[in-house]
Amino acid sequence: MNEDVAIVGAGIVGLAIAHHLQNEGRRVRLIERGGVAEGASFGNAGAFAFSDIMPLASPGILRQAPKWLLDPLGPLAIPPTYLPRILPWLARFWRASQMDRFRQSITVQSALMRVASQAMELMVRDAGLSAKVRTDGNLQLYESEAELAAAQPGWEIRAAEGIPFQHVRGVRLAELQPGLSPRFIAGTFTPHWKTVDDPYHFALALFDQVMARGAAIEPGEVVRIEPSGATVRLHLADGAHLTASRAVIAAGAWSRPLARQLGDAVPLETERGYNTTLPPGAFDLRRQLTFGGHGFVVTPLSTGIRVGGAVELGGLKLAPNYKRSAAMLAKAAAFLPGLNTEGGRQWMGFRPSLPDSLPVIGPSSASSRVLYAFGHGHLGLTQSAATGRLIADIIAGRTPPFDLSPLRANRF
């Protein structure tokens with residue numbers, strides 16, 4: 001069957017693209033190698049982090065990384081066996097951390113986040129998902145005056161972008177989150193920060209909506225994409241194939257081989273993220289808490305309390321190291337006295353990460369009929385609706401709301 005648009009990947013980004021293309025009157029077929037939303041969309045921290053405009057690649061991370069890397073269970077880890085493979089990515093990451101490129105990334109990320117906030121609000125409303133979203137705000141916590149001072153330049157950049165926040169102490173800090181360890185002397189409250197009831201449930205609800213509007217889904221792994229004239233042929237691992245007028249690669253951490261076939265050597269790496277989800281009631285958690293100095297967050301979900309984050313650059317094939325989940329949970333117990341750590345479920349997922357913390361959104365080198373929409377790192381849920389809107393703009397021939405050239409596949 002000749003579908004209008006074939007979308008490779010049925011995670012939150014692929015589903016948001018499907019939603020926006022359906023708004024344009026297009027037929028869509030999702031092709032998914034695993035289960036719907038069972039990749040990074042399943043176990044993420046559940047936040048719409050529209051104020052998170054600071055790239056991971058930064059002058060500050062270069063100062064912190066050596067200390068973090070000395071701790072195999074710390075916020076940043078690279079398994080020794082994987083180091084030779086990731087060295088080229090690390091070299092690009094170092095270049096992206098230089099001040100001029102760092103500032104450019106902030107400018108682009110800010111523009112993308114403005115679109116993300118608007119597009120998500122519309123998608124949530126149109127898809128009937130409003131009951132799944134809370135505006136509780138986020139509280140970032142500091143253990144010392146030095147840690148707060150080190151974070152200040154980032155908050156000044158956010159202030160310049162019009163992002164509201166409040167530095168809080170004492171009674172106000174305790175009101176925002178009772179039961180904190182006294183080791184935390186201050187916090188920064190971001191009032192407009194939003195979270196979903198559960199990221200997997202949110203994605204499944206969006207999936208149900210796009211299916212009810214006529215989408216089709218094809219189980220299988222796309223192994224080759226061949227644009228030819230006015231069509232694109234997609235070959236699956238089982239020997240089957242299908243044809244569409246356009247294709248969008250939104251396969252997250254599995255997108256790199258397909259892009260390479262199409263002439264784009266995108267330096268996509270995998271940030272392996274870990275978490276533990278505790279049962280509901282494990283703590284009286286009022287809102288998402290960020291422990292930036294330790295690289296993890298604690299999020300209240302309808303399905304429990306999720307403790308997770310950190311970065312392990314280890315690719316797709318290494319076995320999970322759940323000691324990382326256990327280390328974060330132990331820290332959370334120290335930071336939140338009274339946290340019941342029993343009965344938790346551990347998880348590890350693959351975040352698709354690029355050195356400059358920006359995704360790839362736009363056409364492939366091989367053909368304008370094959371588009372890319374991957375590499376969102378920690379921000380896939382946050383930027384999913386924006387990506388859907390931008391892909392819809394490109395296919396419709398509309399001028400996007402900002403210059404997309406910094407997101408092109410060959411920028412590296």
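The figures here come from the full heavy-atom set of this structure, side chains too, leaving out hydrogens, waters and symmetry mates.
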Ignoring hydrogens and geometry beyond distance, is a side-chain donor-acceptor pair present between His235 and Glu221 at under 3.5 Å?
no

Nearest 0.5 angstrom please: Ser41 OG to Leu206 CG, how far?
10.0 Å

Counting only N and O atoms by type, is there a donor-acceptor contact under 3.5 Å from the side chain of Glu24 to the main-chain atoms of Arg26?
no

Please determine if Arg411 and Asp356 form a salt bridge, counting it only when a charged side-chain N lies under 4.0 Å from a carboxylate O.
yes

Tell me, please, whether Trp89 has Arg92 positioned over its six-membered ring: NZ or CZ under 6.0 Å from the ring centre and within 45 degrees of its axis?
no

Please determine whether side-chain hydrogen bond (donor to acceptor under 3.5 Å, both in side chains) holds for the pair Gln109 and Gln383, giving the CA-CA distance in whole Å, both sets of side-chain angles, and the decisive distance to 0.1 Å.
CA-CA 10 Å; Gln109 197 74 278; Gln383 296 177 343; 2.7 Å; yes

Value rounded to 0.5 Å, distance of CD in Gln288 from CG in Leu301:
9.0 Å

Quick one, His201 with Thr303, criterion side-chain hydrogen bond (donor to acceptor under 3.5 Å, both in side chains). Give me CA distance, side-chain angles, the key distance, then yes/no.
CA-CA 10 Å; His201 294 172; Thr303 48; 5.7 Å; no

Counting only N and O atoms by type, is there a donor-acceptor contact under 3.5 Å from the side chain of Trp193 to the main-chain atoms of Asp136?
no

Euclidean distance, Arg286 CZ relative to Leu139 CG, rounded to 0.5 Å:
12.0 Å

Might you point out which heavy atoms bring His20 and Ala119 nearest each other, and give the distance in Å?
NE2-CB, 4.5 Å

With a 3.5 Å cut-off and no angle check, do the side chains of Arg134 and Thr195 form a donor-acceptor pair?
yes

Show, in sequence, the C-alpha distance, side-chain angles and deciding distance for Asp393 and Arg389, and conclude whether the salt bridge (Lys or Arg N to Asp or Glu O under 4.0 Å) test is met.
CA-CA 6 Å; Asp393 285 344; Arg389 177 188 164 176; 3.5 Å; yes

When you check the gap from the basic side-chain N to the acidic O, do Glu312 and Arg351 get nearer than 4.0 Å?
no

Centroid separation under 6.0 Å, is that true for the rings of Phe184 and Phe335?
yes

Candidate list Asn138, Asp52, Thr299, test side-chain hydrogen bond (donor to acceptor under 3.5 Å, both in side chains), partner Thr290, passing option:
Asn138

Between Arg224 and Glu226, does any NZ, NE, NH1 or NH2 come within less than 4.0 Å of an OD or OE carboxylate oxygen?
yes

With no hydrogens and no angle check, is any side-chain donor or acceptor of Arg272 less than 3.5 Å from a backbone partner on Val311?
no

So which atom in Val307 and which in Met328 form the shortest heavy-atom distance, rounded to 0.1 Å?
CG1-O, 3.9 Å

Could you measure the distance from the OG atom of Ser325 to the CG atom of Asn275? Nearest 0.5 Å is fine.
6.5 Å

In terms of the angle between their ring planes, are His167 and Phe165 parallel, tilted or perpendicular, with boundaries placed at 30° and 60°?
tilted

Residues Ile53 and Met113: closest non-hydrogen pair is CG2-CG, 3.9 Å

Lys194: what forms a side-chain contact (heavy atoms from CB on, under 4.5 Å) with it, not counting sequence neighbours?
Phe48, Val133, Thr135

Can you find a side-chain donor-acceptor pair between Ser51 and His192 that sits under 3.5 Å?
no

Heavy-atom donor-acceptor pair, Arg33 side chain to Gly220 backbone, under 3.5 Å:
no

Just do the side-chain hydrogen bond (donor to acceptor under 3.5 Å, both in side chains) check on Asp264 and Ser365 with the steps written out, would you?
CA-CA 6 Å; Asp264 295 302; Ser365 295; 2.4 Å; yes

Go through the steps to decide whether Thr276 and Tyr322 satisfy the test side-chain hydrogen bond (donor to acceptor under 3.5 Å, both in side chains), and finish with yes or no.
CA-CA 9 Å; Thr276 303; Tyr322 286 117; over 6 Å; no

Between Glu175 and Arg172 (salt bridge meaning N to carboxylate O under 4.0 Å), is one present in this structure?
yes

Among Ile395, Val360, Leu390, the one residue meeting side chain to side chain contact (heavy atoms under 4.5 Å, CB included) with Leu371:
Ile395

Do you know the tightest heavy-atom contact between Ala326 and Gln346?
N-NE2, 4.1 Å

Under 3.5 Å, is there a donor-acceptor pair between the side chain of Glu32 and the main chain of Ala10?
yes

